[in-house]
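So the structure is just underneath, and the comments pick up after that.
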Amino acid sequence: MKKYLPSNFESHWIKIWESEKVYKTTHSKNKEKKYILDMFPYPSGAGLHVGHPRGYTATDILSRYYRLNGYNVLHPMGWDAFGLPAENAAIKAKTNPKKIVPENIENFKRQMKMLGFSYDWDREFSTTDTTYFKWTQWLFIQFFKMGLLYKKNTPINYCSSCKTGLAEEEVLPDGSHERCGKPIVKKELPQWIFRITKYADELLQSLEGLEWPRGILEMQRNWIGKKEGVNIDYMIKGHKDVVTCFTTRPETNFGATFVVVAPEHEIVQKILDGKEYRLQIGEETVSKIREYVAQSQSKKTREREMENKVKTGVNTNLTVVNKLNNKEIPLYISDFVLSGFGTGAVVGVPAHDTRDYDFALSFNLPVVSVVVGNAATELPTKNTSSVYEGEGIMVNSEFLNGLSTQEAKKQIISYLVEKGWGESKTSYHLRDWIFSRQRYWGEPIPIIFCKTCHKNKVSYFETIKNSDDSDKISDFRQEVKDDLYGYFPLSEKELPLDLPDVNNYEPLESGKSPLAGMPTFVNTVCPHCKGAAERETDTMPNWAGSCWYFLYFARNEEEGAKKQADLDMKSYWEQSLRRDFDKFMPVDWYMGGAEHAVLHLLYARFFMHAMYDINLVSHQEPFFRLRNVGMILAEDNRKMSKSLGNVINPDDVVREYGADALRLYEMFMAPFSQEITWSTRTLQGTYRFLKRIYNLSVAYENYENEVDYTIGEYSMLSNKLAQTIQKVAGDIVEIKFNTAVASMMEFLNLWEEVAKKNKFALSKDDLSSFLRILSPFAPFMTEEIWRNVLKNKVSIHSGDWPIVESSKLQKQEIVLPIQINGKMRSTINVTVPSTQEEIQIKALTDPVVKKHIGERKIIKTIYVPSKIINFIV
RNA sequence: GCCCGGGUGGUGAAAUGGUAUACACGUACGCUUGAGGUGCGUAUGCCGCAAGGUGUGGAGGUUCAAGUCCUCUCCCGGGCACCA
């Protein structure tokens with residue numbers, strides 16, 4: 001008898017599937033589509049580790065399942081290959097990333113094929129391909145044209161180890177860089193900035209329709225951080241200046257006892273520079289303020305935030321007027337107020353805000369309570385040593401007294417607005433997206449800067465004015481116009497703007513990208529005045545390529561190629577690409593790690609929303625359904641890493657146990673989204689499972705139909721299969737692969753038992769059905785039996801999902817549990833359907849039941865059909 | 001501090017309010033094998049010789065019936081955090 005040796009046939013089938021084009025994307029008009037996508041990997045030099053295939057196997061199972069069910073399935077794979085790791089590896093190896101990346105990709109691809117993933121490799125591409133990134137650059141230009149980008153000198157998060165600026169999202173809570181773990185400093189550099197905040201509300205709203213894990217949705221909501229409140233104006237006494245404070249609790253305003261501004265607040269400079277101010281407060285105070293501002297600027301952001309409770313600050317000796325009660329309250333400067341949130345100024349209500357309270361304690365400021373707890377028993381207390389931040393009833397607040405906080409809020413807002421002292425305002429935690437990186441290995445930003453045109457205030461937007469532009473876009477342009485005099489995008493014909501070969505990839509000490517050191521790259525001609533001009537030398541962040549790759553997978557190059565040659569980029573997009581996108585977008589199933597909860601998922605959503613607004617795509621949301629794959633830890637319960645030497649390589653596992661066993665194991669171990677610890681032992685269990693099936697199946701080479709499959713245990717086995725088929729189908733689309741595998745194991749256990757009496761206990765048809773439901777999980781072994789034992793000509797993966805006869809799903813006899821007073825006492829075998837009377841009579845003849853009831857009387861009987869019977873005595 | 005997850009055998013874990021521990025691993029004993037890091041069989045939550053009792057982090061509650069629903073509480077993991 002043949003033995004189960006996966007190495008005997010796995011590599012053979014990889015070649016056959018490839019030559020037969022079994023996994024080619026179809027788009028028949030009479031079929032529905034499913035777009036099933038993995039978060040494409042960064043092709044590192046280390047190759048795949050055993051954690052990668054967990055997510056890839058899941059999407060592979062889904063893809064195969066939907067193919068068998070007759071869908072047009074798009075299941076592509078590509079490479080997110082720009083970014084620091086490749087660049088750093090190249091620097092180390094003294095070579096160009098352009099050389100390293102293709103080698104890494106080859107290795108990744110080999111491993112993925114080895115694992116039997118059914119990607120349509122015709123659609124593969126890398127973000128570093130010029131054919132792809134010319135479009136990324138083209139999109140940048142479209143966004144530039146719509147006024148969604150601006151360039152500005154900004155204090156940014158800068159990693160001095162990686163020598164590049166970073167986005168807010170790339171900074172970890174401890175103030176380190178999420179990639180390299182080194183500390184981040186603030187540095188002022190000219191940066192391209194994406195106005196993602198313009199989409200904050202939209203990005204928040206449209207989370208509603210997405211089938212994403214709740215936690216991820218919550219994290220996106222928190223990151224966008226929408227807060228509704230009121231901006232209230234405070235006039236500085238004796239001066240014309242106004243300090244505007246943002247508050248979400250305007251109803252507590254009668255309890256305001258001070259106002260604090262951030263050291264970066266514009267009023268601070270005014271006070272320091274203004275003669276009248278200096279005269280009023282005296283030079284001593286001026287130097288105190290100056291000292292405090294300098295001090296807090298030298299602190300790293302994180303230091304400022306970590307200090308927490310101990311509040312520092314400085315009194316300006318100025319007062320502002322609370323117009324509500326005409327009280328004068330002091331104006332302070334403190335770095336506990338963040339310049340980036342709200343207005344950078346806060347009104348202090350120490351009785352109802354812990355931070356304000358702490359500040360009041362430090363500076364001996366009065367505390368005025370204006371809210372008391374909701375319960376009528378809680379009367380206003382003089383004891384203000386504790387802060388009350390909850391809802392309640394208003395006191396000490398003139399016309400608000402006696403109202404609930406909610407009602408008071410409504411009234412005070414309309415009062416403030418009516419008087420012109422304040423306005424409703426929404427604030428967001430989301431910051432604009434810093435899009436410049438001072439590194440080599442990224443898409444060059446396709447912009448030219450002309451000093452002459454800058455001086456002459458030539459705006460590119462004036463040259464492209466069009467009456468068709470929407471109000472939204474006109475507004476966008478107007479808002480960035482002043483920051484962009486002299487900046488022009490490249491023309492389509494100049495795309496792609498490729499990366500030149502350079503000798504040194506190290507970023508320059510000036511904080512500029514290595515490209516800045518290449519005059520041949522930098523110097524160019526101004527598209528407007530034809531004078532000398534310079535190219536932008538910063539590159540895009542590594543997120544750029546992943547912001548729209550999912551669209552590009554949907555293109556059909558064979559059909560589009562001819563058109564592409566004849567059309568300009570815009571027309572090609574409109575007439576060819578967009579139609580292809582519409583066939584498959586949005587993504588139906590998106591799989592990847594939860595670590596991308598905000599970064600990639602937010603950026604990609606933003607790109608789509610923006611593209612939708614300039615009519616480049618038909619959907620706003622790229623990923624309809626998202627599922628997270630749990631991490632695989634090494635056997636020592638730590639993250640797998642090269643430096644710890646605990647990495648399990650899939651090549652080794654496949655050599656010993658085969659790809660099918662690895663796939664099955666990773667699906668079986670635990671619920672899909674859960675973190676698991678690698679266990680070779682458990683993998684041996686799934687290997688045994690496959691081996692047992694193989695051993696039972698090979699006998700069918702000499703199959704003879706000598707069994708009546710409609711009777712006894714043979715029909716029971718067939719019914720069990722029908723139930724298993726249904727269970728597996730349901731589990732796959734619910735991403736419950738572990739129980740899907742378990743149910744197939746259950747079936748095998750029964751099959752083996754019956755097969756002891758007859759090796760053909762399972763009909764040939766049923767065997768083929770079982771192989772077909774197993775085939776998404778174990779594509780190699782099922783194909784081997786399908787073709788070499790059952791002698792089928794066409795691949796099992798091109799077939800159909802088995803149809804279940806509903807008659808086989810209905811059980812005829814079940815084991816019914818009997819409870820007495822709610823406690824399980826016995827079981828009886830009953831045929832279904834049966835009436836309650838029949839069951840009751842049978843149940844009461846059961847000796848165990850008789851014994852437990854004894855002399856007692858039955859008061860009540862609860863019977864749940866086919867579930868349980870419960871006697872209350 | 002706030003917001004999400006999650007606590008079930010020796011282990012990974014199952015369970016539309018209806019037999020708690022399916023499936024797998026491990027362990028023990030037995031058989032098979034020249035040999036086993038093979039294959040097969042039996043047992044395996046805990047206490048108990050048994051009858052039986054008890055058991056899903058803890059305490060209450062709803063229900064004929066609770067791992068599942070409600071209230072309070074403890075612990076672990078993740079995210080956010082001087083966000084006004």
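Bear in mind the structure is a predicted one, so any value in this text is a computation, not a measurement. A note on names: the letters A, B, ... follow the listed sequences, proteins ahead of strands, and every chain is numbered from 1.
Side-chain proximity of A:Ile862 to the nucleotides B:G39, B:C64, B:U16 is greatest for B:C64. Among B:C80, B:A24, B:A22, the nucleotide with an atom closest to any side-chain atom of A:Thr682 is B:A24. You'll find that the side chain of A:Phe668 is closest to B:A24, out of B:C80, B:G52, B:A24. Taking only side-chain atoms of A:Thr827, from C-beta outward, the nucleotide of B:C82, B:A15, B:U19 with the closest atom is B:U19. Looking at the side chain of A:Ile868, the nearest of the listed nucleotides B:G18, B:A84, B:C23 is B:G18. Each of B:G53, B:U19, B:G26 was ranked by its minimum atom distance to the side chain of A:Arg681; first place goes to B:G26.
For A:Ser673 and A:Asn628, the side-chain atoms include no donor-acceptor pair closer than 3.5 Å.
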Residue pair A:Phe668, A:Phe689: steps toward the ring-ring contact (aromatic ring centres under 6.0 Å, His included) verdict: CA-CA 12 Å; A:Phe668 174 64; A:Phe689 167 69; 8.3 Å; no

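Here A:Lys425 lies out of heavy-atom contact (under 4.0 Å) with every strand. Backbone-only engagement by A:Glu218 is indicated by non-hydrogen atom pairs under 4.0 Å involving sugar-phosphate atoms exclusively. Using a 4.0 Å heavy-atom criterion, one finds that A:Lys727 contacts no nucleic acid atom at all. Nucleic acid contact class of A:Pro213 (heavy atoms, under 4.0 Å, all strands): none. Using a 4.0 Å heavy-atom criterion, one finds that A:Lys756 contacts the sugar-phosphate atoms exclusively. Residue A:Val815 is in base contact, counting any heavy-atom pair closer than 4.0 Å across all strands shown. Within 4.0 Å of A:Arg221, counting heavy atoms only, lies no atom of the nucleic acid at all. Counting non-hydrogen atoms under 4.0 angstrom, A:Ile872 reaches the backbone sugars and phosphates but no base. Among the protein residues, A:Gly225 comes within range of no part of the nucleic acid, since none of its heavy atoms lies under 4.0 Å from any strand.
Taking atom CE on A:Met824 and atom P on B:G53, their separation rounds to 12 Å, with Å as the unit. Between the NE2 atom of A:His352 and the P atom of B:G1 there is a distance of 21 Å, given to the nearest Å. Between the OH atom of A:Tyr4 and the P atom of B:U38 there is a distance of 17 Å, rounded to whole Å. Distance A:Asn222 CG to B:G78 C1': 13 Å, rounded to the nearest Å. Atom CG of A:Asp335 is separated from atom C1' of B:A84 by 15 Å (rounded to the nearest Å). Rounded to whole Å, atom C1' of B:U38 lies 11 Å from atom OH of A:Tyr687. Counting to the nearest Å, the P atom of B:U42 and the CD atom of A:Glu753 are 8 Å from each other. Regarding A:Lys227, its NZ atom lies at a distance of 11 Å from the P atom of B:A81, rounded to whole Å.
Within the 4.5 Å cutoff, the side chain of A:Pro350 has heavy atoms near those of the A:Phe258 side chain. Counting only heavy atoms from C-beta outward, the side chains of A:Phe672 and A:Arg54 approach each other to under 4.5 Å.
Classification of B:G39 as anti follows from a glycosidic angle more than 90° from 0.
Both distances falling under 3.5 Å, in either a Watson-Crick or a G-U wobble arrangement, place B:G77 opposite B:C4. With a cut-off of 3.5 Å on both pairing distances, the Watson-Crick or G-U wobble partner of B:C69 is B:G61. Summarising the base pairing, B:A14 is matched to no nucleotide, lacking a Watson-Crick or G-U wobble pair whose two defining distances lie under 3.5 Å. Remark: B:C40 base-pairs with B:G30; criterion is Watson-Crick or G-U wobble with both hydrogen-bond distances under 3.5 Å.
No hydrogens or angles were tested; on distance alone, a donor-acceptor pair under 3.5 Å links the side chain of A:Asn870 to the base of B:C64. Taking 3.5 Å as the limit, the base of B:U19 and the side chain of A:Lys823 contain no donor-acceptor pair of atoms between them.
Of the side-chain N and O atoms in A:His429, one or more sit less than 4.0 angstrom from OP1 or OP2 of B:A81. Between A:Lys736 and B:A15, a side-chain N or O to OP1/OP2 separation shorter than 4.0 Å is present.
Between A:Tyr332 and A:Phe359, the ring-plane angle classifies as perpendicular under the 30° and 60° cut-offs. Ring pair A:Tyr4/A:Tyr694 is tilted by interplanar angle, where 30° to 60° counts as tilted.
Checked against a 6.0 Å centroid threshold, the rings of A:Trp223 and A:Tyr428 do not count as neighbours.
Take the nearest nucleotide of RNA chain B for A:Asn738 and for A:Glu752: the residue whose nucleotide is more 5' is A:Asn738. Checking A:Ser679 against A:Asp353, the closest nucleotide of RNA chain B that is more toward the 5' end is the one next to A:Ser679.
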